[in-house]
> 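Have a look at this one.
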2 protein chains.
Amino acid sequence: MAERISDAEHAVMEVLWDHAPLDAQSIYDRLSGSQSWTLATVKTLLSRLVSKDALATQAQGRKFLYRPAIERTAYVAGESHRFVDRLFGGKLSPLVAQFAESEKLSPEDIAEIEALLQELKK
Amino acid sequence: MAERISDAEHAVMEVLWDHAPLDAQSIYDRLSGSQSWTLATVKTLLSRLVSKDALATQAQGRKFLYRPAIERTAYVAGESHRFVDRLFGGKLSPLVAQFAESEKLSPEDIAEIEALLQELKK
DNA sequence: GGCGTACGATTACATTTGTAGTCACAAGAC
DNA sequence: GTCTTGTGACTACAAATGTAATCGTACGCC
C-alpha cells in the first residue's frame, strides 16, 4: 500500500536516494544544510517513513541503517502522473506550454527535450 | 498572500475556473459527478477558499456568487514550478524523460510539444 | 405578519503533518 | 558492576485538511 509521502518526508527520502544506507545521525547531518530540523524531528520522519514502508531498516549494532524501500523512479513516476492528471488532464503538452510561456525553458532544456522526442520517434 | 490551496479545495476551484460565477448549490451540483461531498462540505471549502483570498464573492439577493480571485494560469504556473523544483531540480526535461520512459506520451502529445519548441526557437 | 426554509456562519471532530520533547534501554567507559 | 550516553520508541501538541452537522437569520409564502 503506497502510503502518501509528505513534503517533509520527501526531503528525507531524497537524502537516502542519494546516499543509501545511512543512520539517523548522518541523515540529520546531511539535512542540516537545507532544513533546520532537530535530530528528534528527523527521527520522527524516519519512523513515519518506516511505518509507511517507504524505508527499510537494518540493524547495525544498536543503530539502524535506513535505506529506501521504494525506487525514486517509481515514486517520481507516480507523483508526476498524479500531478499532470490533476492539473493538465493527464496530458504533458500543456505543462510544457506552461513552462514555455513563463520563460522557464533554457536553450539546453529545449535541446534536451527535442533529443528525447527524436529518440521516441525512431 | 497566496495561501496554499489543498486538493479538495482545488476541485472546487476547477469548477469555478470553468463556469465563473456560481452559487454554492450549483457548485455542489457540478461536483456531484466527481466527488461525493455533502453540500455542507462544499460550503466549508468555499469559506476556506474565500478566507484564503482564492475566491471572491458577490451578493446576489440572499445568496453569494463565487468567482475565482486568482487566475488558473497563475495557480498552475506556481504549482508547476514548485513541483518541478521539488522533484526535478527545476528542470523540465527530466520530467519529459520520465513520461517518455513510462510510455505516457501519445503521438499527438509529442507533436504538440515539438510544435511548442519550434515556436520558441523562432 | 407569523413561519418555514434556504443560506452563509459557526462549530465539530478525526486524521495528517510539522515539529519536537521524553523514555527505556543497551553498550561502552572506568 | 555501575554510570553515562547515544538510540530508537513513545508521547505531545498545534495547524491544516477532510468531512460534516447545527445555528441564526433574512425572504418569501399565505
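Below, all heavy atoms of this structure are taken into account, side chains as well, without hydrogens, waters or symmetry copies.
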> Side chains of A:Asp7 and B:Arg86: does their closest heavy-atom pair fall under 4.5 Å?
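Of all side-chain heavy-atom pairs linking B:Arg86 with A:Asp7, at least one is under 4.5 Å.
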> If you check the A:Thr38 side chain, which of C:dG8, C:dG21, C:dT17 turns out closest?
C:dG21
> With hydrogens left out and only the distance checked, is there a donor-acceptor pair under 3.5 Å joining A:Arg4's side chain and the base of C:dT15?
no
> Do B:Met13 and B:Leu65 belong to the same hydrophobic cluster, where Ile, Leu, Val, Met, Phe, Trp and Tyr are linked whenever their side-chain heavy atoms lie under 4.5 Å apart, directly or via other members?
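In one cluster with B:Met13: B:Leu65, no.
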> Pairing of DNA chain C as dot-bracket, 5' to 3': ( ) intra-strand, [ ] crossing, | other strand, . unpaired, with Watson-Crick or G-U pairs under 3.5 Å?
||||||||||||||||||||||||||||||
> Looking just at side-chain N and O atoms, do B:His19 and B:Ser26 make a donor-acceptor pair shorter than 3.5 Å?
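No donor-acceptor contact under 3.5 Å links the two side chains.
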> Whole angstrom is fine here: how far is it from OH in B:Tyr66 over to P in C:dA9?
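From B:Tyr66 OH to C:dA9 P: 6 Å.
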> Going 5' to 3' along DNA chain D, between which two nucleotides do contacts with chain B fall, using a heavy-atom cut-off of 4.0 Å?
D:dT17 to D:dC27
> Using a 4.0 Å heavy-atom cut-off, does B:Ala40 contact any base of the nucleic acid, only the sugar-phosphate backbone, or nothing at all?
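If one applies the 4.0 Å heavy-atom cut-off, B:Ala40 turns out to touch a base.
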> Just so I know, are the side chains of A:Leu45 and A:Trp37 near enough to count as touching, which here means a heavy-atom distance under 4.5 Å?
yes
> For DNA chain C, whose closest nucleotide is more 5', that of B:Gln25 or that of A:Gln35?
B:Gln25
> Between B:Thr38 and B:Thr41, do the side chains contain an N or O donor and an N or O acceptor separated by less than 3.5 Å?
yes
> Would you say B:Ser47 places a side-chain N or O within less than 4.0 Å of OP1 or OP2 belonging to C:dT10?
no
> Measure the distance from OH on A:Tyr28 to P on C:dG21 and round it to the nearest whole Å.
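It works out to 11 Å between those atoms.
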> Looking at A:Arg72 and A:Glu14, is any side-chain nitrogen of the basic one under 4.0 Å from a carboxylate oxygen of the acidic one?
yes
> Would you tell me if any nitrogen or oxygen in the side chain of A:Thr44 comes within less than 4.0 Å of OP1 or OP2 on C:dT19?
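No, no such contact exists.
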> With sugar-phosphate meaning primed atoms plus P, OP1 and OP2, does B:Lys43 contact a base, only sugar-phosphate, or nothing at under 4.0 Å between heavy atoms?
base
> May I ask you to say what A:Thr41 touches in the nucleic acid, namely base, sugar-phosphate or nothing, with a heavy-atom cut-off under 4.0 Å?
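Since a base atom lies under 4.0 Å of A:Thr41, the category is base.
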> Tell me: CG of B:Leu49 to C1' of C:dG8, nearest whole Å?
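It works out to 15 Å between those atoms.
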> Expressed as a whole number of angstroms, how long is the span from B:Leu22:CG to C:dC7:C1'?
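That distance rounds to 16 Å.
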> Can any side-chain N or O of A:Lys91 pair as donor or acceptor with the backbone N or O of B:Asp109 at less than 3.5 Å?
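Not a single qualifying donor-acceptor pair exists.
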> Rounded to the nearest angstrom, tell me the gap between atom CG in B:Leu45 and atom P in C:dG8.
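The distance from CG of B:Leu45 to P of C:dG8 comes to 14 Å, rounded to the nearest Å.
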> Please classify the nucleic acid contact of A:Asp7 as base, sugar-phosphate, or nothing, using heavy-atom distances under 4.0 Å.
sugar-phosphate
> Atom NZ of A:Lys63 to atom P of C:dA27: distance rounded to whole Å?
14 Å
> Over how many whole Å does the gap from A:Leu39 atom CG to C:dT19 atom P extend?
15 Å
> Between atom CZ in A:Arg48 and atom P in C:dT17, what is the gap in whole Å?
8 Å
> Any idea how A:His81 and B:Phe99 line up, ring-wise: parallel (<30°), tilted (30 to 60°), or perpendicular (>60°)?
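Taking B:Phe99 first and then A:His81, their aromatic rings stand perpendicular (interplane angle over 60°).
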> Same cluster or not: are B:Leu39 and B:Ile27 linked, directly or through other Ile, Leu, Val, Met, Phe, Trp or Tyr residues, by side-chain heavy atoms under 4.5 angstrom apart?
yes
> Does any non-hydrogen side-chain atom of A:His10 lie less than 4.5 Å from one of B:Leu87?
yes
